[in-house]
**Q** 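Let me begin by handing over the structure; questions about it come next.
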Amino acid sequence: WLTQSAVRFQKGLVRAQLDTSLATIATRVADRWSFRRGDILGLAGNEVATRTVGSRQPSATVADSDFMARTYDALRSTMARVRMVANDGSVRWTFGDSADGPVGRQAPRFAPTMASLPAAYVADTVTITQSSGARIGMLITWIRLSAILPADSVPILVTGAQLTVADNRTGQLFQFAGAGSAPRGADRFTAGGHEWIAVHRTLTMPAIELTVAAPAEAYVGPFERSAR
C-alpha cells in the first residue's frame with residue numbers, strides 16, 4: 001500500500017511540474033501573440049491596403065506596391081506570408097514565402113488552412129473594413145511559429161519532457177526542433193513501450209493547443225518495481 005501511494009505521489013509531482021512549465025510557456029506565447037496581433041491589425045488597417053482592397057479594379061500603383069512591399073519587409077521575420085483578398089475573391093496583395101502571383105491575380109474564395117504551407121506557421125484571418133465599418137475583404141497571415149514560441153521560451157522542468165503544439169482547427173501538429181507528438185486530450189498515453197504523463201493547455205489566440213508530456217519511468221519505475 002505504501003509503495004502504491006508513493007507511485008501516485010510521484011505521478012502527481014511530475015504532473016504538477018509539467019503544469020508549471022506549461023503555464024509559463026502559454027503565458028509567453030500569449031504575450032508574444034499580442035504583439036503579432038498588433039502587427040496584423042496595423043497591416044489590415046493602413047490606408048494603402050484599405051484603398052486598394054476596396055477598389056473595384058484589382059490593380060495597384062507602383063508607389064502603393066512599393067509601400068506595401070516595404071511594410072511587409074519590416075515584418076518578414078515574424079510573418080511568413082501575407083495575402084489580402086477582396087470581397088469578390090480577387091487577391092490584391094500577396095507577399096512572403098511561396099508567394100504565388102502578382103497583385104491582381106484572380107483567386108477563388110477560400111478559407112485559409114495550414115495544409116498549404118509547412119506546419120511551422122500559425123494562420124490567422126482578420127476582416128478588412130472601410131472607415132464606415134463596411135467589410136471589403138480579409139487579410140490572411142501566416143505567423144512564424146518561432147515568432148511566438150522561440151526555443152528560449154520553453155522552460156520544461158521535467159527531464160525527458162517534450163512539447164507538442166497542435167492547430168486547434170485542423171488538429172495538425174506543428175513541426176519544429178524537438179517537437180513531441182502527444183495525442184490530443186490524453187492525460188496518459190503509451191509510446192515506445194513506456195507510460196507518459198501529459199498536461200494540456202488550449203489557447204484561442206492563437207488557436208493552438210499546447211501539450212507537455214514526460215515519460216513516467218524515471219520517476220515511478222523504482223516504486224512500481226518494488227510493488228511487484
Side-chain angles (χ1 to χ4, degrees), residues 4 6-37 40 77-81 97 111-125 140-224:
Q4 291 175 343
V7 169
R8 288 193 295 270
F9 175 79
Q10 288 297 324
K11 287 184 177 180
L13 183 60
V14 171
R15 188 174 299 280
Q17 291 176 329
L18 292 174
D19 197 60
T20 297
S21 296
L22 185 57
T24 300
I25 294 169
T27 297
R28 292 181 180 181
V29 168
D31 288 345
R32 286 183 170 87
W33 181 258
S34 67
F35 290 108
R36 303 291 77 79
R37 187 72 172 179
I40 292 169
S77 64
T78 58
M79 291 186 186
R81 190 175 181 183
D97 299 356
T113 68
M114 295 298 299
S116 61
L117 287 173
Y121 309 123
V122 180
D124 189 60
T125 302
I140 304 119
T141 55
W142 286 266
I143 303 299
R144 300 184 194 280
L145 187 62
S146 59
I148 60 172
L149 189 63
D152 61 2
S153 68
V154 187
I156 299 179
L157 304 176
V158 180
T159 301
Q162 294 181 342
L163 174 66
T164 301
V165 184
D167 185 282
N168 278 346
R169 295 157 295 190
T170 66
Q172 184 175 3
L173 300 183
F174 293 97
Q175 303 301 316
F176 54 92
S181 55
R184 298 181 67 190
D187 293 332
R188 294 184 300 172
F189 62 94
T190 300
H194 300 287
E195 179 187 8
W196 287 63
I197 299 172
V199 294
H200 310 271
R201 189 69 59 94
T202 299
L203 306 182
T204 55
M205 295 184 67
I208 59 176
E209 180 179 272
L210 302 171
T211 299
V212 176
E217 170 67 21
Y219 300 89
V220 304
F223 298 98
E224 290 180 329

**Q** For F174 and I208, which heavy atoms make the closest approach, and how far apart are they?
**A** CE1-CG2, 3.8 Å
**Q** Go through it in stages, so that I can follow the logic: the residues are S181 and L173, the test is side chain to side chain contact (heavy atoms under 4.5 Å, CB included), and I'd like the CA-CA distance, side-chain angles, deciding distance and then a yes or no.
**A** CA-CA 7 Å; S181 55; L173 300 183; 3.9 Å; yes
**Q** What heavy-atom pair brings V122 and P206 nearest, and what distance separates the two atoms?
**A** CG1-CB, 3.8 Å
**Q** Output the distance between atom CZ (R37) and atom CD1 (I148), rounded to the nearest 0.5 Å.
**A** 12.0 Å
**Q** Between N168 (side chain) and L203 (backbone), is there a donor-acceptor pair under 3.5 Å?
**A** yes
**Q** Provide the closest heavy-atom pair for H200 versus R184 in the form atom of the first, atom of the second, distance.
**A** CE1-C, 4.3 Å
**Q** What closest approach, in Å, do T164 and G180 show between heavy atoms, and which atom pair accounts for it?
**A** OG1-C, 3.0 Å
**Q** Any donor and acceptor pair, going by atom type alone, linking the side chain of R188 with main-chain N or O of W196 inside 3.5 Å?
**A** no
**Q** Please find the pair of heavy atoms, one from G171 and one from A166, that lie closest to each other, and give the distance.
**A** O-CB, 4.3 Å
**Q** With L22 as reference, evaluate T211, T27, V212 under the side-chain contact (heavy atoms from CB on, under 4.5 Å) test and give the passing residue.
**A** V212
**Q** Within a radius of less than 6.0 Å around CZ of F35, do more than 12 heavy atoms belonging to other residues, nucleotides or ligands occur?
**A** no
**Q** In Å and rounded to the nearest 0.5 Å, what is the OG1 to CG distance from T24 to D19?
**A** 9.5 Å
**Q** Hey, mind stepping through T141 and R81 against side chain to side chain contact (heavy atoms under 4.5 Å, CB included) and telling me if it holds?
**A** CA-CA 6 Å; T141 55; R81 190 175 181 183; over 6 Å; no
**Q** What are the two closest non-hydrogen atoms of Q175 and A120, and how far apart are they?
**A** O-CB, 4.1 Å
**Q** Checking R144 against R36 for the side chain to side chain contact (heavy atoms under 4.5 Å, CB included) test, could you report, in this order, the C-alpha distance in whole Å, the side-chain angles of both residues, the deciding distance, and whether it holds?
**A** CA-CA 10 Å; R144 300 184 194 280; R36 303 291 77 79; over 6 Å; no
**Q** To the closest 0.5 Å, what do you measure between CH2 (W142) and OG1 (T78)?
**A** 14.5 Å
**Q** Please test I25 against L149 for side chain to side chain contact (heavy atoms under 4.5 Å, CB included), starting from the C-alpha separation and ending with a verdict.
**A** CA-CA 8 Å; I25 294 169; L149 189 63; 3.8 Å; yes
**Q** Enter the distance from D187:CG to K11:NZ here, rounded to the nearest 0.5 Å.
**A** 12.0 Å
